[in-house]
Amino acid sequence: MHSPALTPDGRSAAPRTTATATLAALAAAQFAVTLSTSIVNVALPAVRDGVGLTESGMSWVVNAYGLAFGALLLLGGRAADLLGRRRVLAAGLALFAGAAAAAGLASDPWMLISARTAQGIGAAAVAPAALSLAMRLHPPGPARARALGVWGAVSGAGGAAGVLLGGVLTEGPGWPWVFHASGIGAAAVLAATLRLVPADPERVDGSRPPLDVAGALTVTSGLVALVYALTAAGGSGWTDPLVLGALGAAAVLLTLFVRGERRHPAPLLPPRLLTRGAVAPANLVMALLGAVWVGLFFFLPLYQQQVLGAGPLEAGLSQLPLAAANMIGSALAPVLARRIGPHRALLAGLAVQAAGFLWLAGVPADGSFLTHLLGPVLLVGVGLGVAFVQLTGSAVADVEPADAGLAGGLVNTTRQIGGAVGLAVLGTVAAARTAASDLPRTAALTEGYRTAFLLSAAVLGVGAALTPVLARRARPAPQPTPPPARAALCPSSRTHSSHR
């Protein structure tokens, strides 16, 4: 089977129906990697019992994937730029599918954590390659706005759908199918990719700068040490030697990463990228958004199961309103951007989310979904969809075509790393609040979850405060060149064109 080729400038010459099918395949790849971030959340109690995880080990089922995914996204984005986006996308999907199958077969914690890490490595290749292909196939203008709307919808819906599917599979065939389903889905997306996604154009100069593998290793190790320290501090305290040692190792490794990037001929994070338009502030706000995003999908199902007594299926089904609200917000994002401007739309999205989290911060120990969760979940979902679309567009809008994959990797990196670090911080704060409470267990857990939701609202407030900086850094959108309408109406012009 032959996929449609890209033109030398990286755009597709395929008809509209093929372009739509191609966008669907790329969006499905993004959906798969986002779904795998949250599909295990409802299944965590069953996974814990099935492979013998500790209470703290449950967060590592989420963070092993998120850290590998986030820390290696820059390497995946650069590999896509240098080795070919379609090629890297296909390789990432193959690794992702195989690792998911291995996770479903795991019989002890280390097998599971290792498989989840490998799955995150595959996702780190998939996400930037898919996003950069989608952006190159849809030039700036209405077409790109629609593509970003689709991207925002599948990214947010993937998180909510993961919780739903996780509940269905956990109560049905069992927790291993939470991972097997991810693998089967990735294999199907791989087949669609090979059939529909355009082949990469050949590099004109034939050059291929070296990949910064050393940079990838130092930043990954540094982030793992940081998240370990933040997670362990909740149980051991900040003065524990292991916590202090991990914090020191994180500081050393991340410093080495920064120094190494300045010297490498093809760094993972070229300084020029952060000086382009609103790339830097957009990614900073995306990191904050990722922190509350991952935290929501972690704490909300736990509150429903451990406090309200819901089963996995009931907790999963309750995510449907969140998914629907997220898709509505993603669809509204381009409309709001045209009417009130992209940065005001971003500010509105962050404010609506913050209001939803403030509402969640008042949930009681004897609450119910309809009375105490449905309203705030709808607010958070709509705001999340609007904010995600605007931030993604700002983060990739002003980069050069040669850096498209890197920019796509960076915006996914900041979201995933923000999610991993944010979950570690929120989990530590929630655990400390629960441990300090002398209330019964469910009430104490509720106190911890409420604290996490309140802190999430504060994080979104910081993001909203950074929006004016993003607006100042953004470059004015280029005005599209008007089509040669008059020439098309002139018979002589058509005659001249036909003889060129």
Side-chain angles (χ1 to χ4, degrees), residues 59-60 63-79 81-82 117 120-121 124 128 209-234 236-276 279-291 294 395 399 403 405-407 409-429 459 462-463 466 469 473:
S59 66
W60 280 101
N63 274 341
Y65 176 83
L67 278 173
F69 187 5
L72 295 175
L73 273 165
L74 291 176
L75 184 65
R78 178 50 77 197
D81 289 332
L82 300 180
T117 302
I121 295 172
L211 288 173
D212 186 9
V213 178
L217 291 175
T218 53
V219 71
T220 302
S221 302
L223 289 169
V224 169
L226 175 62
V227 172
Y228 171 80
L230 294 173
T231 303
S236 305
W238 292 101
T239 58
D240 182 87
L242 285 177
V243 173
L244 294 176
L247 287 173
V252 171
L253 289 165
L254 293 176
T255 300
L256 289 175
F257 169 71
V258 173
R259 295 184 64 179
E261 292 301 280
R262 295 174 179 173
R263 301 174 182 174
H264 198 278
L268 286 180
L269 187 58
R272 68 175 185 276
L273 186 64
L274 297 178
T275 62
R276 299 285 300 184
V279 170
N283 277 277
L284 178 57
V285 179
M286 182 64 90
L288 299 176
L289 186 66
V294 174
V399 301
D403 289 330
L406 182 59
L410 179 60
V411 70
N412 279 286
T413 292
T414 52
R415 179 168 59 85
Q416 291 295 328
I417 295 302
V421 175
L423 178 57
V425 172
L426 292 171
T428 297
V429 171
V459 169
V462 174
L466 292 172
V469 179
R473 290 283 301 271

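Just the heavy atoms: all of them, side chains too, but no hydrogens, waters or symmetry mates, feed the values below.
- Put simply, the side chain of T414 gets close to the backbone of V411: a donor and an acceptor are under 3.5 Å apart.
- Qualifying side-chain hydrogen bond (donor to acceptor under 3.5 Å, both in side chains) partners for D212, counting only residues two or more places apart in sequence or in other chains: none.
- Between the CZ atom of F69 and the OG1 atom of T117 there is a distance of 13.5 Å, given to the nearest 0.5 Å.
- Heavy-atom minimum distance, W238 versus L244: O-CD2, 3.2 Å.
- Screening V294, T428, L230 for a side chain to side chain contact (heavy atoms under 4.5 Å, CB included) involving L423 leaves a single residue, V294.
- A distance of 12.0 Å separates OG1 of T218 from CZ of R259, quoted to the nearest 0.5 Å.
- Across all non-hydrogen atoms, the minimal contact from A246 to A229 is CB-CB, 3.7 Å.
- Here the options are L226, L223, V219, N283, the test is side chain to side chain contact (heavy atoms under 4.5 Å, CB included), and the partner is I417; only L223 passes.
- What you find for G422 and A291 is that their closest heavy atoms are CA-CB, 3.7 Å.
- In this structure, the side chains of L288 and L466 come closer than 4.5 Å at one or more pairs of heavy atoms.
- Taking OH from Y228 and CG from L242, the interatomic distance works out to 4.5 Å, rounded to the nearest 0.5 Å.
- The two residues A216 and L75 make their nearest non-hydrogen contact at CB-CD2, 3.7 Å.
- Between A124 and A68 the shortest heavy-atom distance is CB-O, 4.1 Å.
- G76 and P128 get closest at one heavy-atom pair: C-CG, 3.8 Å.
- Side-chain atoms of L289 and V285, non-hydrogen and from C-beta on, never get closer than 4.5 Å to each other.
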